[in-house]
Colleague: 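Got a structure here, written out as structure tokens. Questions coming.
Counting convention: from 1, in listed order, for ligands and their atoms alike. Counting begins at 1 with the first residue of the sequence.
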Amino acid sequence: MKVISTEYSQILGARISQRLGVSLVDVKFSKFPDGELYLRTGPLDEEMVIVGSVTGSDALVQLLLLIDACSESDNRLVIPYMGYARQDKQFQPGEPLSARAIARTVAHHVRGIYTVNIHDENVLRHFGIPTTNSSLGNDVADYLKSEFKDPIILAPDDGARYFAEQIAGSGNWEFDQLEKTRISGESVRMDKKDLRTKGRDVVIVDDIISTGGTIAAAAGMLYEQGAKSVHAACVHGVFTGGAYTHLAAAGLKSVICSDTIERACSHVSAAGIVSKALSEC
Ligand code: R5P
């Protein structure tokens, strides 16, 4: 078995190969003069683990090219961050189910898919082949244990509840949940709620930070209620449109994510849970 990754998941790919104790395939990535993507792999194995987050259009195309280059092998595909997973319903007539479109597109020449905290597990059925979704809750909790003594863990909405409860449970910390209503892609409304956060360190946890709107709205309310410090932890640090700066300006004392999207603040690695899932099935 060997591991191969796109440019967008090269650190995580290397970590997974180290964890599994198998070779990493060297890949040359470049572009044709017209901007089309090109890649050329080193020698492959009969059994391959392909790693590539779908962080955008180029990442998706590069992943498709990599899967095709590996098409003679017995492949398993790791999609650490599956972009487009949030468009998993037809909210308005004429819209695509983008999550289904992506799932169907990448599921060729692979016999199993591995994801990390996919936005909604219902999306997994669209792959049409066996899938395993793992949660980084315990790993995020381990990181928080090294940083905080007795934080309160907050989920910004119902969707983040399971993840936040997993983290709070692992650290034996207090947990609460906010009520968020999404107004548009960029703006959210956070309903007022009395929280016992006065004088406390608060960590808001979510699967994705995209524009940062959710976390910034929550942080504002928490500071109004006397929180000592507000921090954020997520799995997938998308940080679009200057979101990290937006959060720092909103008073967040720290913001961390995992290496499903490789960032300077990727303090948690998905290599452990992904390698475990690959070893088990
Ligand atoms: C949405 O349901 C997700 O779990 C996140 O809460 C959302 O993607 C965060 O987006 P933003 O950072 O743009 O508020």
Colleague: Pull out every atom of ligand 1 sitting under 4.0 Å from any heavy atom of Asp207, numbered as shown with elements.
Modeller: 3 (C), 4 (O), 5 (C)

Colleague: As an exercise, identify every atom of ligand 1 less than 4.0 angstrom from a heavy atom of Arg182.
Modeller: 7 (C), 9 (C), 10 (O), 11 (P), 13 (O), 14 (O)

Colleague: Aromatic rings Tyr81 and His236: how do their planes relate, parallel, tilted or perpendicular, breaks at 30° and 60°?
Modeller: tilted

Colleague: Side chains of Glu262 and Gln10 only: does a donor on one sit below 3.5 Å from an acceptor on the other?
Modeller: no

Colleague: I'd like to know if Arg200 pairs up with Glu174 as an ion pair, taking the criterion as any Lys NZ or Arg NE/NH1/NH2 lying under 4.0 Å from an Asp or Glu carboxylate oxygen.
Modeller: yes

Colleague: Does a side-chain N-to-carboxylate-O contact under 4.0 Å join Asp158 and Arg161?
Modeller: no

Colleague: Pick whichever of Asn117, Thr211, Leu247, Asp158 has a heavy atom sitting closest to atom 11 (P) of ligand 1.
Modeller: Thr211

Colleague: Return the residue, atom name and 0.1 Å-rounded distance of the protein heavy atom closest to atom 8 (O) of ligand 1.
Modeller: Arg86 NH1, 2.8 Å

Colleague: With a 4.0 Å cut-off on heavy atoms, is Gly212 touching ligand 1?
Modeller: yes

Colleague: If you have a sec, work out which protein heavy atom is nearest atom 5 (C) of ligand 1 and how many Å separate them, to one decimal?
Modeller: Asp206 OD2, 3.3 Å

Colleague: Starting from atom 14 (O) of ligand 1, locate the nearest protein heavy atom and write down its residue, its atom name and how far away it is, to 0.1 Å.
Modeller: Thr214 OG1, 2.5 Å

Colleague: Under a single-linkage definition using a 4.5 Å side-chain heavy-atom cutoff for Ile, Leu, Val, Met, Phe, Trp and Tyr, are Met82 and Tyr162 assigned to the same hydrophobic cluster?
Modeller: no

Colleague: Give the atom numbers and elements of ligand 1 that come within less than 4.0 Å of a heavy atom of Ile209.
Modeller: 12 (O)

Colleague: Which ligand 1 atoms, with their elements, are less than 4.0 angstrom from a heavy-atom of His119?
Modeller: 1 (C), 2 (O), 3 (C), 4 (O)

Colleague: Should Phe239 and His246 be marked as a ring-ring contact (aromatic ring centres under 6.0 Å, His included) after you check the CA-CA gap, both sets of side-chain angles, and the distance that decides it?
Modeller: CA-CA 9 Å; Phe239 303 133; His246 179 47; over 10 Å; no

Colleague: Tell me the nearest of Val235, Ile208, Val238, Thr240 to atom 7 (C) of ligand 1, using heavy-atom distances.
Modeller: Ile208

Colleague: How many angstroms lie between CZ in Arg100 and OG1 in Thr105, if you round to the nearest 0.5 Å?
Modeller: 11.0 Å

